[in-house]
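Bear in mind that the values here come from a model prediction, so they are computed numbers and not experimental data. All values below were derived from every heavy atom in this structure, side-chain atoms included, with hydrogens, water molecules and symmetry-related copies excluded. Sequence lines set the chain letters: A, B, ... in the order given, protein chains first and strands last, and positions in each chain run from 1.
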Amino acid sequence: MPTTTEDLRARGLVHQVTDEALFERLDAGGLTVYAGFDPTADSLHIGHLLQLCTLRRLQLAGHRPIALAGGGTGMIGDPGGKSAERPLLSVEEIRSNVESIRGQLARFLDFDDAAGPTRALLLDNADWLSPLTVLEFLRDVGKNFTVNQMVAKESVRSRLERPDQGITYTEFSYMLLQAYDFARLNEDHGCTLQIGGSDQWGNITMGIELVHRRSGDKAYGLTSPLVTKADGTKFGKSESGNDRVWLDAGRTSPYRLYQFFLGVEDAMVGTYLRYFTYLDLDEITELDQATEQRPHERAAQRALAAAVVSLVHGESECARAQEASAALFSGRVATLDEATLLDVASEVPASTLAAARVADGVLLVDLLAETGLVASKGEARRAIEQNGAFVNDEVRPGLDALVTGDDLLHGRYVVLRRGKRSYHLVTVA
RNA sequence: GGAUCGGUGCCCGAGUGGCCAAAGGGAUCUGGCUGUAAACCAGACGGCUCAGCCUACGGGGGUUCGAAUCCCUCCCGGUCCA
């Protein structure tokens, strides 16, 4: 059984630490550790996954995690990682986003009283940032930092150096608010460790300094590496389009999430298994070997996808996603019995179509566009011309192709497909 | 408040009166090869009632036979000065 430190290191989760002495304390257990999540949308997405997984990992290792929803800082906007000033969300939006995110955090962390001293906490920094007055803030927080050091932070400097960009005072202040969060969590909950992505380094060190100045307490920071794809670009876009991959089932179905991880590149699957799963390192090593020796089996990708979907959506949803994947990629949707078809179809987008229209025959071009499988009729025509449009798993060439009663499966279903993996179920009613 | 530069398609970015639905790159999509991988090759990439038409170069107005390109005005951003 590896120590916590050994485990984190072996998984490649340690990018920077503020002090090596942290590791002894991590191995000893009993720390209170926090990570922040800004409520810029009503769901967390895959970009938050690493911090969520790491918090969970630390809880399992005997520490108490705090998930901090940025109800207050979300109103300001972190300049880090952004190339431009971002629009402010309304107070109502942020409030409702925080509420939505609460439920998702609960899937990763144990908030049950039975967890005793490691019971997770969910806090909202609006609780202490909202009542804070400007004067208090300037005297109690601002007085501890020089503009010189603030300007030197990467998040700010990158914005100052770009000739076509600037940074407002509002976003400039963000780091001070985050530093104040750490100080409050330290004072109110004994929190001494903040974790975050590598881009959070500057904000974290500011917090550590503020903690020290206010209470004399020694606090630590631990950052994880940026999660990237093999080519160095950002991880987390869905396989089709620019959509983010969300943790909310309504935005990204369990099936799509499963597919996302199933499609991970060989070169990265081992890394992701270490980041996002709780499999033993030995098991992961075996999966690495499996990828190398029998890559077509995609054993590592399957394990990764199953682990993540189970964690995010639960075992039964994961099983459904696996079944749907198997059925859809067998290429024989047309031969499925009705119950199986319906089960599979519940995982993909669906719509209904009036029976009268089918009787007359519907232009495939129109149908593709109406179902949203393509963005416009022009795109639908292109898909057809490129042999990328399928009806019940068969290519349907010709711009004048019709979908008629003959295409109905079990008398009332049509499975449309665009490309290799974008499905849509049409039910005739 | 003054001076000055700039705002082009998803992003970056060329284009300074007609040949501009707008170069080039990236991203994306589709097909091929594979393993629902990567790389690579090919094609596509504003919309439509698609050999034509409509909408589009920050917003509005104007000049012109004709404007992304010229003029006026407003909005937004950068830089410097006060």
**Student:** When all nucleic acid strands are considered with a 4.0 Å heavy-atom cut-off, which category describes A/D266: base, sugar-phosphate, or nothing?
**Tutor:**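 Touches a base.
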
**Student:** Any strand counts, and the cut-off is 3.5 Å on both contacts for Watson-Crick or G-U wobble. Which nucleotide pairs with B/rU64?
**Tutor:**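 WC or wobble partner does not exist here.
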
**Student:** Using the C1' atom on both, measure B/rC19 against B/rC11 and round to a whole Å.
**Tutor:**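 Nearest-Å result for B/rC19 against B/rC11 at atom C1': 28 Å.
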
**Student:** Is the phosphate of B/rU49, meaning OP1 or OP2, less than 4.0 Å from a side-chain N or O of A/K377?
**Tutor:**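 For A/K377, the contact criterion (side-chain N or O under 4.0 Å from OP1 or OP2 of B/rU49) is met.
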
**Student:** For A/H48 and A/H45, take the angle between the two ring planes, folded into 0 to 90°, and tell me which bin it lands in: parallel under 30, tilted 30 to 60, perpendicular over 60.
**Tutor:**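 Tilted, since the angle between the ring planes falls between 30° and 60°.
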
**Student:** Just checking A/T291: base, sugar-phosphate only, or nothing, at a heavy-atom cut-off of under 4.0 Å?
**Tutor:**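 Contact class for A/T291: none.
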
**Student:** Mind checking side-chain hydrogen bond (donor to acceptor under 3.5 Å, both in side chains) for A/E209 and listing every partner two or more places apart, or none if nothing turns up?
**Tutor:**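 Listed in chain order: A/R213.
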
**Student:** With nearest nucleotides of RNA chain B determined for A/A375 and A/R298 from heavy-atom distances, which residue corresponds to the more 5′ nucleotide?
**Tutor:**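 Taking each residue's closest nucleotide, the earlier one in sequence belongs to A/R298.
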
**Student:** Tell me whether the NZ or CZ atom of A/R9 lies within the 45° cone about the ring axis of A/F23 and under 6.0 Å from its centre.
**Tutor:**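 Verdict for A/F23: a cation-pi partner in A/R9.
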
**Student:** Say you pick atom C1' in B/rG15 and the same atom in B/rU8; how far apart are they, in whole Å?
**Tutor:**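 One C1' to the other, the span is 9 Å.
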
**Student:** Can you tell me if A/E292 has over 12 outside heavy atoms packed within less than 6.0 Å of its CD?
**Tutor:**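 At most 12 heavy atoms, drawn from other residues, nucleotides or ligands, come within 6.0 Å of this atom.
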
**Student:** Scan residues 341-350 of chain A against RNA chain B and write down, sorted by residue number, each residue with any heavy atom closer than 4.0 Å; if none is found, say none.
**Tutor:**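 Output list: empty, so none.
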
**Student:** Can you check the distance between B/rG13 and B/rG66, where both ends of the measurement are the P atom (answer in whole Å)?
**Tutor:**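 Here B/rG13 and B/rG66 have their P atoms 33 Å from each other.
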
**Student:** Does B/rG77 have a Watson-Crick or wobble mate here (both distances under 3.5 Å), and if so which one?
**Tutor:**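 When the pairing criteria are applied, B/rC5 turns out to be the nucleotide that pairs with B/rG77.
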
**Student:** How far does the C1' atom of B/rG47 sit from the matching atom of B/rG9, given to the nearest Å?
**Tutor:**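 Those two atoms are separated by 13 Å.
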
**Student:** Verify the contact: side-chain N or O of A/R421 to OP1 or OP2 of B/rA37, cut-off strictly under 4.0 Å; return yes or no.
**Tutor:**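 Yes, because at least one side-chain N or O of A/R421 sits under 4.0 Å from OP1 or OP2 of B/rA37.
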
**Student:** With RNA chain B as reference, determine whether A/E379 or A/L262 sits nearer its 5' end, using the nearest nucleotide of each.
**Tutor:**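 Final value for this comparison: A/L262.
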
**Student:** Taking the same atom, C1', in B/rU28 and in B/rC45, what whole-Å distance lies between them?
**Tutor:**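 To the nearest whole Å, 8 Å.
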
**Student:** Which residue pairs satisfy the salt bridge (charged side-chain N to carboxylate O under 4.0 Å, His left out) criterion with at least one member in residues 271-286 of chain A, sequence neighbours excluded?
**Tutor:**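 Salt bridge (charged side-chain N to carboxylate O under 4.0 Å, His left out) check on residues 271-286 of chain A returns A/R274-A/D288.
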
**Student:** Using the P atom on both, measure B/rC65 against B/rC80 and round to a whole Å.
**Tutor:**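 After rounding to an integer number of Å, I get 45 Å for this pair.
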
**Student:** Would you check, one step at a time, whether the test ring-ring contact (aromatic ring centres under 6.0 Å, His included) holds for A/Y272 with A/F235?
**Tutor:** CA-CA 10 Å; A/Y272 299 157; A/F235 172 77; 4.6 Å; yes

**Student:** Could you work out the separation of B/rG58 and B/rU64 based on their C1' atoms and round it to a whole Å?
**Tutor:**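 So the two C1' atoms sit 23 Å from each other.
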
**Student:** Evaluate A/D38 against A/Y174 for side-chain hydrogen bond (donor to acceptor under 3.5 Å, both in side chains), listing each step before the verdict.
**Tutor:** CA-CA 12 Å; A/D38 267 0; A/Y174 184 91; 2.9 Å; yes

**Student:** Check every strand shown and say whether A/R418 touches a base, only sugar-phosphate, or nothing at a heavy-atom separation below 4.0 Å.
**Tutor:**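 Sugar-phosphate: the residue A/R418, judged by heavy atoms under 4.0 Å, touches backbone atoms but no base.
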
**Student:** Is the shortest side-chain N/O distance from A/R382 to OP1 or OP2 of B/rG47 below 4.0 Å?
**Tutor:**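 Answer is yes, contact under 4.0 Å.
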
**Student:** Go through B/rG35, B/rA44, B/rU34 for me and flag the one nearest to the A/Q386 side chain.
**Tutor:**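 Selected nucleotide (nearest to the side chain): B/rA44.
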
**Student:** Does a side-chain N or O of A/S325 approach OP1 or OP2 of B/rU36 to a distance below 4.0 Å, or not?
**Tutor:**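 Indeed not, no polar side-chain atom of A/S325 lies that close.
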
**Student:** Between atom CD1 of A/I66 and atom OH of A/Y34, what is the distance when rounded to the nearest 0.5 Å?
**Tutor:**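 A/I66 CD1 to A/Y34 OH: 9.0 Å, rounded to 0.5 Å.
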
**Student:** C1' atom, B/rG59 versus B/rC76: distance in rounded Å?
**Tutor:**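 Between the two C1' atoms, the distance is 10 Å.
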
